[in-house]
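Chain naming here is simple, since letters A, B, ... match the order of the sequence lines and numbering starts at 1 in each. Values below: all heavy atoms of this structure, side chains included; hydrogens, waters and symmetry mates excluded. Bear in mind the structure is a predicted one, so any value in this text is a computation, not a measurement.
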Amino acid sequence: MKKTFFIFAAITILVVALASLFASVSPDGLEWVAEKLGFIGIATESPLKAAMPDYAVAGISSPFWSSFLAGISGIGIISAVFFLINFILKKGRTN
Amino acid sequence: MHIPDGFLSGKVCIATALLSLPVIVIASKKLSKQLGEKLIPKMGMLTAFIFAAQMFNFPVAAGTSGHLMGGVLAMLVAGPAAGVIVLFCVLIVQCLFFQDGGITALGANTFNMAIVGVLAGYIFYSAISKISKNKFVQYVAVFTASWASIVLASLACATELSMSGVVSFKTSAIAMGSVHAIIGIGEATITLIIYSFLKKVSPEIFFNAKGCCREVA
C-alpha cells in the first residue's frame, strides 16, 4: 500500500505539471454550448471569493508556476482533509 | 461541464441541491459499512488524482476542450458509493478554492457529475461486465460506461438549463449531447488506459478484488 501510495502521489503531481504546461485553454463543452447558443453572458460573479480562481495563484507571473502551485495547493488541501478523516476514524476504532 | 453561478434559476439550484443531499447521505452511510482500513487513503488518492486530471483539458474538435471527469474510474477502484463521495469532494474543492463550478450550482454539479456520472457509469458497467469475464468484454464495459457517464451527465445539465428557462430542452440537449458524445470518447479512452494499466500493475486496488474493501460491519 505504501508503495502504491507513493507511485500514485508521483503520478498525480506529474499530471498537475503536465496540465500546467499543456492543458488546452479552449472553452469546455458547456462553455462552448453557452457561447454558441448565446447565453454565456448570464454567468454571474461568484458570491464567494475563491482563493485561486481559474487555477492561478495571484502574483505569480509565470503561467506554469502559477497553475502548478494552484494544483499542488488543491492536492495539499485534499490530502490534509483525508489524513484528518483517516486519523479521526482510526482513533474512533481503537477507542 | 462545471456549471458557473448565474446559469441556473434559483428554483433549479434548490431542487438539485435537495435531490443530491439524500444521495450523498446514503452514499456516506453505505461507506461507513465498508470502511476497511484502506478505503479512506484510497479515496484520498483518487480525489487528488481526479482533481489533477480535471485540470488537464485536452483539445476536442471544433475549438472545444474536455477533461477527464473520472466518475467511472473512481467507481471501478473504490465502488459506487465511494465514487459518488470522491467526485463530490473534487467538486467542493474546485468550487471553494478555484471558482470552478459556481457555489449556487454545487447541487446541480453534484447531481450531474457525482451522482448521474458515477451511478449511470456503474449501471452500464455492471450490466456489460457480467456478460463474461473475458478481458475484451471487460474493456467494452469500461469504455461504454465511461462514455455513457459523460453523455448522461451532460443531458442532466441540459435538462437543468432548460428548466431554468435558458434554452429549450431540445436545443440544449442536442448541443450538450453532441459535444459530450465526442468528449466522452476522450473520457472512455483515458479511463480504459488507466484501467488496463492498474489491472497490470496493481490488480488488488480494484473494488471487490480479492482482499480489498471487506465489509467490517
Is it the backbone or the side chain of [X] that comes under 4.5 Å from a heavy atom of chain A, or both, or neither?
X: B:Ile182; result: neither
X: B:Phe51; result: side chain
X: B:His67; result: neither
X: B:Ile183; result: side chain
X: B:Thr64; result: both

- Message: What's the separation between atom CE in B:Met113 and atom SG in B:Cys157, rounded to the nearest 0.5 Å?
- Response: 7.5 Å
- Query: How many angstroms lie between CD1 in B:Ile150 and OG in B:Ser154, if you round to the nearest 0.5 Å?
  - Reply: 8.0 Å
Contacting region of [X] [heavy-atom separation from chain B under 4.5 Å]:
X: A:Leu89; result: side chain
X: A:Phe83; result: neither
X: A:Ala9; result: neither
X: A:Val33; result: side chain
X: A:Ile78; result: side chain

Quick check on [X]: does its [atom1] atom have over 12 non-hydrogen neighbours (other residues, nucleotides or ligands) under 6.0 Å away?
X: A:Glu45; atom1: CD; result: no
X: B:Phe124; atom1: CZ; result: no
X: A:Lys49; atom1: NZ; result: yes

- With B:Leu46, which of B:Leu87, B:Val77, B:Ile205 fulfils side-chain contact (heavy atoms from CB on, under 4.5 Å)? B:Val77
- Item | Options A:Val25, A:Ile85, A:Leu18, ranked by heavy-atom pairs under 4.5 Å with chain B, top entry | A:Leu18
- Do you know which of A:Gly76, A:Pro53, A:Ala51, A:Ala56 has the most heavy-atom pairs under 4.5 Å to chain B? A:Pro53
- Item | pair A:Ser20-A:Val16: side-chain heavy atoms closer than 4.5 Å | yes
- For A:Thr44 and B:Asp5, does a side-chain donor sit closer than 3.5 Å to a side-chain acceptor? no
- How about B:Glu187 and B:Thr189: does a side-chain donor come under 3.5 Å of a side-chain acceptor? no
- May I ask you to list the residues in residues 60-72 of chain A that approach chain B closer than 4.5 angstrom, counting heavy atoms only, ordered by number? A:Ser67, A:Ala70, A:Gly71
- Item | Evaluation steps, ring-ring contact (aromatic ring centres under 6.0 Å, His included), between B:Tyr195 and B:Phe206 | CA-CA 9 Å; B:Tyr195 171 81; B:Phe206 287 98; 5.3 Å; yes
- B:Ser20 side-chain N/O to B:Gly107 backbone N/O, donor-acceptor pair under 3.5 Å: yes
- Is there a donor-acceptor contact under 3.5 Å from the side chain of B:Ser9 to the main chain of B:Ser164?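 Between the backbone of B:Ser164 and the side chain of B:Ser9 there is no qualifying donor-acceptor contact (under 3.5 Å).
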- Message: As an exercise: rank B:Val179, B:Ile50, B:Val60 by heavy-atom pairs under 4.5 Å with chain A and give me the winner.
- Response: B:Val179
- Mind ranking B:Val166, B:Thr171, B:Ile103 by heavy-atom pairs under 4.5 Å with chain A and telling me who comes out on top? B:Val166
- Task: Using the side chain to side chain donor-acceptor pair (under 3.5 Å) rule, take B:Asn109 and B:Gln94 through it: C-alpha gap first, then chi angles, then the decisive distance, then the call.
- Result: CA-CA 11 Å; B:Asn109 284 325; B:Gln94 289 171 330; over 6 Å; no
